[in-house]
Every structure is written in C-alpha cells, then in structure tokens.
Engineer: 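Please see the structure below; I have some questions.
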Amino acid sequence: MTLPITVTESCAARLAAIAKAEGARKNLRVAVLGGGCSGFSYEFTLEDDAAEDDLVLPAGEAAVLIDPVSLPFLSGSKIDFRNELIGARFAIDNPNATSSCGCGTSFSI
C-alpha cells in the first residue's frame, strides 16, 4: 500500500527562492538509488519539466517529482528543506527506513 508523501512549506519556500534566483521555475526531483553507506541513497536534482510517468506533488509554484521506481521507497515520507548548523539541504523523513547514515543521505529498509 502506498501512503501519501508530503512536502513541507520549507521545501516549497526554498524552491520559490531558487526560482527567483534562476529567473525560472525549478522542480525538485527526488530519486532513490542503490548504493550509499546504508544500501540506498537519495538523489536531489532540479528539473524544468516532469516526465510522463512521474508523481507530481505541488510545492507552491513548483513541484516535487518522483519516478515510479523510487515511489515505493518513499511511501509515507515527508520532503523537507532544512537550514542547520551542518548546512542547508533538502531532506527526507522516511518511515520505511530502518537505519540511515549520519548525514541522512543514505538509508536501509
């Protein structure tokens, strides 16, 4: 069963700031790749357009794009933007992850 994926206001605000700086709307693609220190890793990229089979989640004036292969790994997740002492970054709160690395970019299920 696929649970809803949410996008925080902080994520939407960061995408709006990127669009303002770039002069054009940018969507955030979130993908899950094999590898990383915990088995899987997140990849974040900025893209202009969605692919035909993407899940498109509204994020203010932009969107978060998730491909069908990554979708089951992200079920029930919250996509956020955090500005912390260690740096500013997009982050995932993933209820499917049984463990993750210290920086939060890789995880295991």
Side-chain angles (χ1 to χ4, degrees):
M1 175 165 90
T2 302
L3 298 174
I5 299 169
T6 58
V7 178
T8 67
E9 290 292 323
S10 179
C11 180
R14 181 62 183 148
L15 290 173
I18 290 169
K20 185 176 180 181
E22 296 281 325
R25 180 181 109 167
K26 294 291 182 180
N27 299 306
L28 177 67
R29 176 169 299 283
V30 178
V32 174
L33 306 174
C37 55
S38 296
F40 295 99
S41 62
Y42 300 113
E43 179 181 59
F44 301 98
T45 56
L46 296 172
E47 297 188 5
D48 295 327
D49 300 309
E52 186 176 305
D53 57 352
D54 282 341
L55 172 67
V56 178
L57 301 169
E61 296 296 315
V64 172
L65 313 175
I66 302 172
D67 66 89
V69 173
S70 299
L71 187 57
F73 297 102
L74 296 168
S75 178
S77 293
K78 179 172 69 172
I79 302 169
D80 193 15
F81 180 80
R82 297 182 184 145
N83 195 354
E84 302 169 328
L85 288 176
I86 62 170
R89 63 188 172 95
F90 289 103
I92 307 281
D93 290 327
N94 188 340
N96 305 301
T98 57
S99 66
S100 64
C101 67
C103 64
T105 60
S106 70
F107 66 100
S108 62
I109 294 182

Engineer: Can you tell me how far OG of S70 sits from CG of D54, rounded to the nearest 0.5 angstrom?
Structural biologist: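 Between atom CG of D54 and atom OG of S70 there are 9.5 Å.
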Engineer: Can you give me the closest heavy-atom contact between P72 and P68, atom names plus distance?
Structural biologist: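 Taking every non-hydrogen atom into account, CD-O, 3.4 Å.
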Engineer: Which value, rounded to the nearest 0.5 Å, describes the distance between L15 atom CG and L46 atom CG?
Structural biologist: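 Reported to 0.5 Å precision, the distance equals 7.0 Å.
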Engineer: What is the distance from atom CG of L33 to atom CD of E43, rounded to the nearest 0.5 Å?
Structural biologist: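 Answer for the CG-CD pair, L33 versus E43, is 4.5 Å.
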Engineer: Nearest heavy-atom pair of A63 and V56: which atoms, and what distance?
Structural biologist: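 Of all heavy-atom pairs spanning A63 and V56, the closest is CB-CG1, 3.6 Å.
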Engineer: In the single-linkage hydrophobic clustering (I, L, V, M, F, W, Y; side-chain heavy atoms under 4.5 Å), do L65 and V7 co-cluster?
Structural biologist: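 L65 does not cluster with V7.
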Engineer: Shortest non-hydrogen contact from A62 to K26?
Structural biologist: CB-O, 3.3 Å
Engineer: So, are E84 and R89 salt-bridged, with charged N and O less than 4.0 Å apart?
Structural biologist: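 Result for this pair is yes, salt bridge flagged.
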Engineer: Among T6, L28, V64, V30, which one satisfies side-chain contact (heavy atoms from CB on, under 4.5 Å) with L57?
Structural biologist: V64
Engineer: Nearest 0.5 Å please: distance from the CZ atom of F44 over to the CD1 atom of I79.
Structural biologist: 7.5 Å
Engineer: For the side-chain contact (heavy atoms from CB on, under 4.5 Å) test, which of D67, I66, L71 pairs with V69?
Structural biologist: D67
Engineer: Search all heavy atoms of A12 against all heavy atoms of A59 and return the closest pair with its distance.
Structural biologist: CB-C, 3.6 Å
Engineer: Count the heavy atoms of every other residue, nucleotide or ligand shown that sit under 6.0 Å from CD of E47, and state whether that count exceeds 12.
Structural biologist: yes
Engineer: With a 4.5 Å cut-off on side-chain heavy atoms, are N94 and L74 touching?
Structural biologist: yes
Engineer: Quick check for you: to the nearest 0.5 Å, what is the distance between R29 atom CZ and D48 atom CG?
Structural biologist: 11.5 Å
Engineer: Are the side chains of R14 and N83 in touch, meaning some heavy atoms are under 4.5 Å apart?
Structural biologist: no
Engineer: Would you call D80 and R82 a salt bridge, using N to O less than 4.0 angstrom?
Structural biologist: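 Yes, D80 and R82 are salt-bridged.
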Engineer: Classify the ring geometry of F90 against F81: parallel below 30°, tilted from 30° to 60°, perpendicular beyond 60°.
Structural biologist: perpendicular
